[in-house]
Peer 1: 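I have a structure here, written as structure tokens, and I will follow up with some questions on it.
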Amino acid sequence: MASHSRESCFSTCLSSSCDTDDEGVRGTCEDASLCKRFAVSIGYWHDPYIEHLVRLSKERKAPEINRGYFARVHGVSQLIKAFLRKTECHCQILNLGAGMDTTFWKLKDEGLLPKKYFEVDFPMIVTRKLHIIKSKPLLFKPIVELHSEDRLKMDGHVLDSKRYAIIGADLRDLSELEEKLKKCNMNTQLPTLLITECVLVYMTPEQSANLLKWAASSFETAMFINYEQVNMDDRFGQVMIENLRRRQCDLAGVEICKSLESQKERLLLNGWEMASAVNMMELYSTLPRAEVNRIESLEFLDELELLEQLMQHYCLCWATRGGQDLGLKEITY
């Protein structure tokens with residue numbers, strides 16, 4: 001979290017004029033992947049796949065960062081699983097800006113795979129992830145085993161199989177995005193879950209609004225999960241912005257991150273029927289006590305106030321459209 005804000009490698013600036021911005025965002029992606037890998041290595045949560053995608057950093061990450069990632073992973077995972085259970089897995093998932101995410105493999109292990117799981121990201125990130133997947137049997141074998149056709153479709157920026165696809169695309173170019181997804185057999189008739197984690201904040205408000213409108217209008221029954229910054233108008237938020245700016249990473253959409261209300265309003269104004277939002281400190285306070293005791297025993301945290309400040313500047317938002325018969329409006333973390 002904070003300057004280590006991205007687990008998902010945001011992928012929307014592809015033009016030559018955005019090269020510098022892309023480099024800064026890719027840097028935060030790398031930081032976030034390393035943070036997640038470190039948290040897993042000391043036992044915050046179980047993920048046998050991340051070690052194959054992300055190297056272990058020699059730099060020890062701060063306890064508040066590790067606890068922040070735990071809350072984030074827990075919250076997003078709970079919402080994903082709630083959607084899958086409501087739809088009985090008769091659905092599809094679009095992870096937009098997926099980076100080195102391992103959710104596909106973990107869901108397979110739990111018997112909770114949707115009909116198809118899509119990942120979209122910056123072509124450079126997709127190429128790197130594809131190279132790793134192909135070279136690691138633990139990652140590649142499950143994809144092949146689930147694939148009923150003769151051959152996988154695969155090139156530098158795309159892998160398409162029966163249950164999993166990864167696509168290099170520009171999230172600002174919605175016609176291109178939709179075309180590439182449909183080539184990989186995205187089904188607009190299926191209930192669809194879309195996920196963005198620290199992605200929309202790197203887009204202008206107009207660009208993120210267009211993406212949200214596209215998502216709301218493309219699927220009759222859908223849910224959107226968004227994790228990103230909030231309460232960014234105060235001094236702590238301004239320091240976060242300045243730190244990222246020094247790394248040539250501009251939060252182009254930060255004006256939407258003023259409050260939980262502004263986060264919900266964006267979703268409601270762009271075609272979503274119901275929207276909820278919670279800051280991560282609120283979410284952390286509702287975690288099962290046994291789990292909190294377990295993770296808090298992993299390492300000593302001497303500044304609780306810093307953890308609270310950090311967690312109050314990130315939020316988990318979710319919205320639904322349609323799906324009354326499935327009970328989508330009842331979903332919560």
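Side chains included, hydrogens not; waters and symmetry mates left out as well; all remaining heavy atoms used.
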Peer 1: Donor-acceptor check, side chain of Glu291 to backbone of Pro288, threshold 3.5 angstrom: yes or no?
Peer 2: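 No, Glu291 side chain to Pro288 backbone: no donor-acceptor pair under 3.5 Å.
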Peer 1: Report, as yes or no, whether the 6.0 Å neighbourhood of atom CD on Glu110 holds more than 12 heavy atoms from other residues, nucleotides or ligands.
Peer 2: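 Check passes, neighbour count above 12.
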Peer 1: Let me see the working for Glu299 and Tyr44 under side-chain hydrogen bond (donor to acceptor under 3.5 Å, both in side chains), right down to the final yes or no.
Peer 2: CA-CA 10 Å; Glu299 53 185 348; Tyr44 274 85; 2.5 Å; yes
Peer 1: Which distance, rounded to the nearest 0.5 Å, do you find between the NZ of Lys129 and the CZ of Phe122?
Peer 2: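 Reported to 0.5 Å precision, the distance equals 15.5 Å.
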Peer 1: Linking I/L/V/M/F/W/Y whenever any side-chain heavy atoms sit under 4.5 Å apart, do Phe38 and Val40 land together?
Peer 2: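 Yes; tracing contacts between hydrophobic side chains, which count when under 4.5 Å, links both residues.
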Peer 1: Determine, stepwise, if the pair Lys81 / Arg85 fulfils side-chain contact (heavy atoms from CB on, under 4.5 Å).
Peer 2: CA-CA 6 Å; Lys81 289 176 183 178; Arg85 292 188 177 111; 3.5 Å; yes
Peer 1: Run the salt bridge (Lys or Arg N to Asp or Glu O under 4.0 Å) test on Arg151 and Glu149 for me, step by step, so that the C-alpha distance in whole Å, both residues' side-chain angles and the decisive distance to 0.1 Å come before the verdict.
Peer 2: CA-CA 6 Å; Arg151 294 185 63 185; Glu149 312 300 325; over 6 Å; no
Peer 1: Under 3.5 Å, side chain of Gln263 to main-chain N/O of Gln229, donor-acceptor pair present?
Peer 2: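 Here the side-chain-to-backbone pair exists.
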Peer 1: Give, for atom CZ of Arg72 and atom CG of Leu316, the distance between the pair rounded to the nearest 0.5 Å.
Peer 2: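 Going from the CZ atom of Arg72 to the CG atom of Leu316 covers 10.0 Å.
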Peer 1: If we only count heavy atoms from C-beta on, is the Cys91 to Leu193 side-chain gap below 4.5 Å?
Peer 2: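 A side-chain contact is absent here, since even the closest heavy-atom pair is not under 4.5 Å.
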Peer 1: State, with a plain yes or no, whether a side-chain heavy atom of Lys36 is found less than 4.5 Å away from one of Val54.
Peer 2: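 Result no, sub-4.5 Å side-chain heavy-atom pair not found.
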Peer 1: Applying a strict under-4.5 Å side-chain criterion to I, L, V, M, F, W and Y, I'd like to know whether Ile42 and Leu287 cluster together.
Peer 2: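 Yes: a chain of side-chain contacts under 4.5 Å links Ile42 to Leu287.
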Peer 1: Do Leu113 and Cys89 have side chains that approach each other closer than 4.5 Å (heavy atoms only, starting at C-beta)?
Peer 2: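 Result no, sub-4.5 Å side-chain heavy-atom pair not found.
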Peer 1: Are there over 12 heavy-atom neighbours, none belonging to Lys183, within less than 6.0 Å of that residue's NZ?
Peer 2: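 No, because the 6.0 Å sphere around NZ of Lys183 holds 12 heavy atoms or fewer from other groups.
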Peer 1: So do the side chains of Asp170 and Leu177 get within less than 4.5 Å of each other, counting heavy atoms only?
Peer 2: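 No, too far: nothing below the 4.5 Å cut-off.
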Peer 1: Is the shortest side-chain heavy-atom distance between Tyr117 and Lys108 below 4.5 Å?
Peer 2: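 No. Closest side-chain heavy atoms not under 4.5 Å.
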Peer 1: Check ring-ring contact (aromatic ring centres under 6.0 Å, His included) between Phe83 and all other residues, then give those that pass, not counting sequence neighbours.
Peer 2: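 Per chain and number, Phe83 pairs via ring-ring contact (aromatic ring centres under 6.0 Å, His included) with no residue.
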Peer 1: Does Glu305, at its CD atom, have more than 12 non-hydrogen atoms belonging to other residues, nucleotides or ligands within less than 6.0 Å?
Peer 2: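 No, because the 6.0 Å sphere around CD of Glu305 holds 12 heavy atoms or fewer from other groups.
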Peer 1: Does Trp105 form a side-chain contact (heavy atoms from CB on, under 4.5 Å) with Ile143? I'd like the steps, not just the answer.
Peer 2: CA-CA 9 Å; Trp105 292 274; Ile143 296 170; 4.1 Å; yes
Peer 1: Any donor and acceptor pair, going by atom type alone, linking the side chain of Glu308 with main-chain N or O of Met281 inside 3.5 Å?
Peer 2: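 No, Glu308 side chain to Met281 backbone: no donor-acceptor pair under 3.5 Å.
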Peer 1: Measure the CG-CG distance between Leu306 and Leu301 for me, rounded to the nearest 0.5 Å.
Peer 2: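 Leu306 CG to Leu301 CG: 7.5 Å, rounded to 0.5 Å.
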Peer 1: When you look at Thr320 and Ile331, which way does the side-chain contact (heavy atoms from CB on, under 4.5 Å) test go after all the steps?
Peer 2: CA-CA 9 Å; Thr320 60; Ile331 289 177; 5.5 Å; no
Peer 1: For Met223, does its backbone N or O pair with a side-chain atom of Trp318 as donor and acceptor, under 3.5 Å?
Peer 2: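 It does not hold such a pair.
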Peer 1: Kindly say whether Ser259 contributes a backbone atom to a donor-acceptor pair with the side chain of Ser262 at under 3.5 angstrom?
Peer 2: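 Judged by distance alone, yes, a pair lies under 3.5 Å.
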Peer 1: Is the count of non-hydrogen atoms from other residues, nucleotides or ligands lying under 6.0 Å from Gln238 atom CD greater than 12?
Peer 2: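 Yes, because the 6.0 Å sphere around CD of Gln238 holds more than 12 heavy atoms from other groups.
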Peer 1: Any side-chain to backbone donor/acceptor pair from Thr286 onto Leu283? Under 3.5 Å, distance only.
Peer 2: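 Yes.
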Peer 1: Rounded to the nearest 0.5 Å, what separates atom CG in Leu94 from atom CE in Met186?
Peer 2: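 The CE atom of Met186 is 6.5 Å from CG of Leu94, to the nearest 0.5 Å.
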Peer 1: How close do Ile65 and Cys35 get, heavy atom to heavy atom, and via which atoms?
Peer 2: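 Taking every non-hydrogen atom into account, CG2-SG, 3.9 Å.
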Peer 1: So, the side chain of Glu228 versus the backbone of Cys257: is there a donor-acceptor pair under 3.5 Å, distance only?
Peer 2: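 No.
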Peer 1: Please walk me through it: do Asp250 and Arg245 pass side-chain contact (heavy atoms from CB on, under 4.5 Å)?
Peer 2: CA-CA 5 Å; Asp250 186 38; Arg245 196 166 283 153; 3.5 Å; yes
Peer 1: Could you measure the distance from the CG atom of Asn243 to the SG atom of Cys249? Nearest 0.5 Å is fine.
Peer 2: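 Reported to 0.5 Å precision, the distance equals 11.5 Å.
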Peer 1: In sequence, state the C-alpha distance, the side-chain angles, and the governing distance for Tyr164 and Glu119, and then conclude on side-chain hydrogen bond (donor to acceptor under 3.5 Å, both in side chains).
Peer 2: CA-CA 8 Å; Tyr164 174 78; Glu119 294 183 351; 2.9 Å; yes
Peer 1: Passes side-chain hydrogen bond (donor to acceptor under 3.5 Å, both in side chains), Glu64 versus Gln309? Steps please.
Peer 2: CA-CA 10 Å; Glu64 63 270 15; Gln309 276 190 314; over 6 Å; no
Peer 1: Does the pair Asp160 and Lys116 meet the rule for a salt bridge (Lys or Arg N to Asp or Glu O under 4.0 Å), with working shown?
Peer 2: CA-CA 10 Å; Asp160 183 29; Lys116 191 155 185 176; 2.5 Å; yes
Peer 1: Is Ile195 linked to Ile50 within one hydrophobic cluster, defined over Ile, Leu, Val, Met, Phe, Trp and Tyr using a side-chain heavy-atom separation of less than 4.5 Å?
Peer 2: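 Linked, Ile195 and Ile50 end up in one cluster.
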Peer 1: Spell out, yes or no, whether Leu171 and Leu181 are grouped together once hydrophobic residues are joined by side-chain heavy atoms under 4.5 Å, including indirect joins.
Peer 2: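 In one cluster with Leu171: Leu181, yes.
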Peer 1: What I want to find out is whether Glu145 reaches Arg163 closely enough, with some N-O distance under 4.0 Å, to be called a salt bridge.
Peer 2: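 So Glu145 does not pair with Arg163 through a salt bridge.
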Peer 1: Look only at the side chain of Lys162 and the backbone of Leu152, and say whether a donor-acceptor pair between them is shorter than 3.5 Å.
Peer 2: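 No.
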Peer 1: Could you check whether atom CD of Glu206 has more than 12 heavy atoms from other residues, nucleotides or ligands sitting under 6.0 Å from it?
Peer 2: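 It does not: Glu206 CD has 12 such atoms or fewer within range.
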Peer 1: Nearest 0.5 angstrom please: Arg321 CZ to Thr192 OG1, how far?
Peer 2: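 So the CZ of Arg321 and the OG1 of Thr192 are separated by 12.5 Å.
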Peer 1: Got Leu304 and Leu307 here, is their nearest side-chain heavy-atom distance under 4.5 Å?
Peer 2: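 Touching, per the 4.5 Å side-chain cut-off.
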Peer 1: Does the side chain of Arg247 reach to within under 4.5 Å of the side chain of Asp31, using non-hydrogen atoms?
Peer 2: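 SC-SC contact between Arg247 and Asp31 confirmed.
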Peer 1: Look only at the side chain of Lys136 and the backbone of Leu53, and say whether a donor-acceptor pair between them is shorter than 3.5 Å.
Peer 2: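 Between the backbone of Leu53 and the side chain of Lys136 there is no qualifying donor-acceptor contact (under 3.5 Å).
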Peer 1: Check whether any side-chain heavy atom of Phe118 sits under 4.5 Å from a side-chain heavy atom of Leu194, and report yes or no.
Peer 2: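 With C-beta onward as the side chain, the pair stays apart.
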Peer 1: Check for a donor-acceptor pair, side chain of Arg128 on one end and backbone N or O of Met100 on the other, with a separation under 3.5 Å.
Peer 2: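 No; zero donor-acceptor contacts below 3.5 Å.
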